[in-house]
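Following: one structure in structure tokens, then a few remarks.
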2 protein chains.
Amino acid sequence: MNESAAPGRVGDVRRRNLSLVLDSIARTGDAKPSRAQLAAGTGLTKAAVSSLVADLVESGLVSEVGLYRDGERGRPGQGLELSARRGVVGMEINVDYLAVGLVDLGGNLRFHSTVESRNRGLAPDKVMERLGALTAEVKAAAAAENIAILGGGLAVPGLVDEQRNVVVSAPNLHWEREQLNPQSLLEGAPLGVRLSNEANSAALGELWYGAGQPDFLYVSGEVGVGGGVIIASELYTGPGGSAGELGHIVVHPEGPACSCGGSGCLETFAGQEAIFEAAGTPAGSLGERTHLLLGALAAEDPRATKAVHDAGRYLGIALASSARLMDIEAVVLGGHFALLADWLKPSLLSSLERYAPGLLDPSRLTVSGLEHSGTLLGAAGQVIRSVIESPFEFLLASKLA
Amino acid sequence: MNESAAPGRVGDVRRRNLSLVLDSIARTGDAKPSRAQLAAGTGLTKAAVSSLVADLVESGLVSEVGLYRDGERGRPGQGLELSARRGVVGMEINVDYLAVGLVDLGGNLRFHSTVESRNRGLAPDKVMERLGALTAEVKAAAAAENIAILGGGLAVPGLVDEQRNVVVSAPNLHWEREQLNPQSLLEGAPLGVRLSNEANSAALGELWYGAGQPDFLYVSGEVGVGGGVIIASELYTGPGGSAGELGHIVVHPEGPACSCGGSGCLETFAGQEAIFEAAGTPAGSLGERTHLLLGALAAEDPRATKAVHDAGRYLGIALASSARLMDIEAVVLGGHFALLADWLKPSLLSSLERYAPGLLDPSRLTVSGLEHSGTLLGAAGQVIRSVIESPFEFLLASKLA
DNA sequence: TCCAATTAGTTTTCAATCTGAACTATATGG
DNA sequence: CCATATAGTTCAGATTGAAAACTAATTGGA
């Protein structure tokens with residue numbers, strides 16, 4: 001007999017409805033709904049909502065925030081919101097910097113700190129030590145604002161094994177199969193720390209806290225070219241968890257060799273390194289080179305202009321193929337593609353028009369507005385969403401404690 | 001307040017468990033499980049399984065098939081199976097032929113008939129009329145075997161709007177926005193007739209009735225190059241329902257114009273027409289040209305060999321990009337790629353190794369064994385699966401009748 | 001032949017959970 | 001100050017699966 005899914009129990013109904021109510025509160029956001037409004041919005045009876053909300057309030061996930069009035073007759077409702085006294089820490093390790101932030105359950109970035117750190121080639125232990133110093137700042141800020149830290153999310157620029165806390169491969173950090181211990185950054189946080197991929201987290205940040213649309217491809221141009229695929233408001237990770245590798249789509253059969261072992265990959269035409277080299281930007285720190293490149297573009301330097309133009313053309317080819325294959329109708333540019341968007345977009349759009357006419361409406365090619373905090377918000381948001389999607393487990397744990 | 005998902009009701013538990021039990025019976029297949037075995041397999045109690053099975057038997061979906069013995073002590077169990085007296089009709093409209101089949105709930109193809117029909121450019125009404133004549137044969141066969149027809153699935157080589165029964169675009173039939181009335185083919189069938197895409201149906205047929213694996217990309221080389229993406233044992237259709245368009249991945253930036261309006265698409269290198277032309281196969285019917293091409297390959301004709309070799313090379317590029325983007329680790333070749341597999345595979349594999357080394361294990365590039373019946377099985381299977389996934393609705397309907 | 005052992009399946013009691021209706025609580029406005 | 005309106009709670013009733021006790025059917029050995 002094949003293994004099957006778990007059987008439905010009567011108690012599952014409550015699990016689902018707890019999540020439904022919590023999600024309703026989260027999505028209503030600033031409007032701070034009453035129990036009666038939740039009943040109307042979810043289709044549950046007032047009786048059921050009252051009982052569910054009682055559990056959520058008792059666990060501390062939801063707070064009552066005074067009476068709700070809108071000038072009409074009748075008894076006023078009690079406004080409800082996700083507790084502003086519970087937070088999750090977002091953390092990011094990138095090639096040239098470390099960043100941390102504190103996000104409350106409502107998705108507000110309550111504290112934020114970034115430090116430059118040349119992490120390329122540095123041992124994971126060393127990087128984690130530096131990150132630990134930064135998280136100490138977050139803990140202090142949380143204590144000062146009386147926010148309990150429930151857990152954390154740590155984003156890294158590479159392929160991760162979330163279950164085992166292993167960075168399988170982060171070529172731009174020169175990390176291969178590195179075992180991390182992210183829990184150590186937040187001892188005692190009940191939900192622990194979840195490791196995630198930087199491009200995926202940025203895509204989720206964009207989904208939940210940025211220009212949310214249910215379906216889009218997020219393109220992350222950091223040192224590598226990464227991508228995050230959002231379908232029906234969920235991250236598509238593929239069977240093995242590494243979907244969205246836009247940087248290694250083949251855009252020219254006779255293209256140069258790529259660090260991945262293949263050849264003709266998008267990254268060899270549109271990665272940061274490739275653009276800097278084609279533009280003739282001298283070696284230096286990322287910040288310096290970016291500054292120089294933007295300056296050259298502003299001065300209409302022909303070499304820099306052509307470099308970015310070509311990158312846009314090949315990015316257009318990769319997006320045309322991706323959009324056809326995955327049926328994607330919207331694209332959000334992040335990372336250095338966001339910085340270069342003004343110079344990149346014309347050739348990108350004309351390339352899309354040449355290789356997949358009519359497929360992608362130009363108005364649906366947008367630039368991320370979250371900048372670097374998108375990754376932090378997404379990394380923390382994954383933990384927040386996991387609570388919203390299964391609050392029952394959280395209630396159990398908080399009842400025991 | 002945002003619209004939310006439907007609230008959980010106590011009755012949902014039974015919906016889910018009915019499906020769980022039915023699915024368990026379906027997956028156990030020829031082993032014909034007893035109630036006690038189902039209880040062990042699903043995690044439900046014997047009492048619950050008995051009650052659920054009683055409903056399923058009453059509705060006619062499940063039959064008891066005598067006592068189950070395996071030489072051990074104790075009371076023998078009643079074997080259960082999906083009823084062999086209920087069936088679904090699979091139907092296929094393709095460029096050069098029409099096909100119908102009768103599939104019982106257990107997935108057995110009980111009757112099968114194909115006729116040549118040059119449908120390219122023919123009006124949908126005319127084609128549906130011919131198909132109607134063919135379905136009459138199926139109805140007669142079903143009556144003779146005392147099988148009640150529950151519904152049907154109709155696969156066409158194009159993009160469909162399943163909800164509205166519209167063929168949005170089937171370039172190889174020269175159909176654009178054609179409204180069909182598939183229900184008319186099976187008047188009175190309680191589940192109606194579901195319209196679907198041919199490549200997607202073939203992929204699902206492969207999943208359910210062929211070399212089932214939970215994750216793979218099915219490549220359908222009919223007149224166009226189509227694809228079906230199976231992730232976690234489900235068809236991935238994308239937000240708009242048209243994912244898997246492998247034929248229009250850009251494999252060469254300077255490639256020729258494609259019928260889709262783009263250029264450099266895989267279809268211009270590896271579509272049937274492109275291969276026939278490159279191989280120098282003279283014009284004629286599909287059957288004749290295929291026969292000639294296979295003959296030329298067997299005779300090691302250099303032009304034919306090179307044509308197929310090149311097609312394999314570009315197919316490899318498309319698969320490398322797809323595998324990277326969607327994290328796919330297995331590929332099943334169908335349609336004319338299955339026929340050409342012996343000559344295609346070498347260049348395809350070396351191309352994969354060049355553009356995405358190590359990504360796809362050569363042993364996971366396989367050829368479909370279902371041949372043309374895969375599409376029929378998949379088209380019918382979608383209706384069968386819809387019953388297995390929500391039997392509650394079916395029970396309700398059969399109780400009213 | 002007959003009974004202990006074993007396995008299949010049913011019946012009964014109980015707890016969880018939602019619905020629906022009746023009820024209480026708290027506001028507005030004439 | 002009371003009619004009206006809206007928010008929220010309480011309680012009986014229905015559905016459902018779990019758990020345990022029960023009945024049914026078969027084998028094998030005394």
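Because only heavy atoms are used, hydrogens play no part in the values below, and waters and symmetry mates are left out as well, while side chains stay in. In what follows, every chain begins at residue 1, and chains take the letters A, B, ... in the order their sequences are listed.
- Applying the side chain to side chain donor-acceptor pair (under 3.5 Å) rule to K139(B) yields no partners; only residues at least two apart in sequence or on another chain are considered.
- The nearest whole Å value for the distance from the CG atom in L38(B) to the P atom in dG17(D) is 14 Å.
- Between E145(B) and R85(B), none of the side-chain N atoms (NZ, or NE/NH1/NH2) sits under 4.0 Å from a carboxylate O, so this pair counts as no salt bridge.
- Within the nucleic acid shown, A39(B) has no heavy atom closer than 4.0 Å to any nucleic acid atom.
- Considering OH of Y236(B) and CD1 of I231(B), their distance stands at 8.5 Å, rounded to 0.5 Å.
- Counting to the nearest Å, the P atom of dT9(D) and the CG atom of L52(A) are 12 Å from each other.
- Residues of residues 10-18 of chain A that place a heavy atom closer than 4.0 Å to DNA chain D, in numerical order, are V10(A).
- Taking R16(B) as the reference, A6(A), D12(A) meet the side-chain contact (heavy atoms from CB on, under 4.5 Å) condition, with sequence neighbours excluded.
- In this structure, R15(A) does not pair ionically with E389(A), as no charged nitrogen and carboxylate oxygen lie closer than 4.0 Å.
- Around the CD atom of E234(B), the shell of radius 6.0 Å holds no more than 12 heavy atoms that belong to other residues, nucleotides or ligands.
- Rounding to whole angstrom units, CG of residue L395(B) and P of dT15(D) are separated by 16 Å.
- Applying the side chain to side chain donor-acceptor pair (under 3.5 Å) test to D215(A) and every residue at least two apart in sequence or in another chain returns nothing.
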What's touching nucleotides 7-9 of chain C from the protein side, N or O pairs under 3.5 Å?
unit_1	atom_1	unit_2	atom_2	d
dT7(C)	O2	R75(B)	N	2.9
dA8(C)	O4'	R75(B)	O	3.2
dA8(C)	N3	R75(B)	NH1	3.0
dG9(C)	OP1	Q78(B)	N	2.6
dG9(C)	OP2	R35(B)	N	3.0
dG9(C)	OP2	A36(B)	N	2.9
dG9(C)	N7	K46(B)	NZ	2.5
dG9(C)	O6	K46(B)	NZ	3.0

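- Taking N17(A) as the reference, nothing meets the side chain to side chain donor-acceptor pair (under 3.5 Å) condition, with sequence neighbours excluded.
- Atom CD in E64(A) sits about 13 Å away from atom P in dT26(C), given to the nearest Å.
- The phosphate of dT17(C) has neither OP1 nor OP2 within less than 4.0 Å of any side-chain N or O from R9(B).
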